[in-house]
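In what follows, residues are counted from 1 in the order of the sequence shown.
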Amino acid sequence: QVQLAESGGGLVQAGGSLRLSCAASNFGYSPYTVAWFRQAPGKEREFVARISWSGDMRFYADSVKDRFTISRDNAKNTVNLQMSSLKPDDTAVYYCAAVLGTDYSGIYHGDYDYWGQGTQVTVSS
């Protein structure tokens, strides 16, 4: 069974930067598209970014485009989310998710089959 584990969350002031990591186990040689989602209290879980198996195809939500960068290292089975120019509205629990497919186009929670436990990101004013 595929397992995902996020790390790197924490408290940061507005305008600061933070890097999140997602470590995957049991991927084997299967190609997985990996995405980041976030959920603030009382809000719907929303798509943040995704990356194809090769790492060449990247897609971002408009709210984070030009501020966040997603990357992956398949040799290490890790996917990262570099966040900069953070805003209080970025405060949420951040989750990584995976689904089989070299470049799966999903942007919804239900499009992904495997999820991590989440890591808290808090941005202060």
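Side-chain atoms of Gln1 and Ser25, non-hydrogen and from C-beta on, never get closer than 4.5 Å to each other. In this structure the side chain of Tyr114 reaches within 4.5 angstrom of the side chain of Tyr32, judged on heavy atoms. In this structure, the side chains of Val34 and Arg50 stay at 4.5 Å or more apart for every pair of heavy atoms. You'll find the side chain of Leu86 reaches within 4.5 Å of the side chain of Leu18, heavy atoms only. Gln117 has its side chain within reach of Glu6: a pair of non-hydrogen atoms, C-beta onward, lies under 4.5 Å apart.
Side chain of Thr91 to backbone of Thr122: no donor-acceptor contact under 3.5 angstrom is found. Arg72 places a side-chain N or O within donor-acceptor distance of the main-chain N or O of Ser52, the cut-off being under 3.5 Å. A distance-only check finds a donor-acceptor pair linking the side chain of Arg67 to the backbone of Ser85 [under 3.5 Å].
Note: His109 and Trp115 have parallel aromatic rings, judged against thresholds of 30 and 60 degrees for the angle between ring planes.
Residues Phe37 and Tyr112 bring their aromatic ring centres within 6.0 Å.
Taken to the nearest 0.5 Å, the CG atom of Asp111 stands 11.0 Å off from the OG1 atom of Thr33. Separating the CG atom in Leu20 from the SG atom in Cys22 is a distance of 10.0 Å, to the nearest 0.5 Å.
Closest approach of Val93 to Gly118, counting heavy atoms only: CG1-CA, 3.8 Å.
Geometrically, Arg38 does not engage Tyr95 in a cation-pi contact defined by less than 6.0 Å to the ring centre and at most 45° from the axis.
With no hydrogens or angles considered, a side-chain donor-acceptor pair links Asn80 and Ser21 at under 3.5 Å.
The environment of Gln13 atom CD is sparse: at most 12 non-hydrogen atoms of other residues, nucleotides or ligands sit within 6.0 angstrom.
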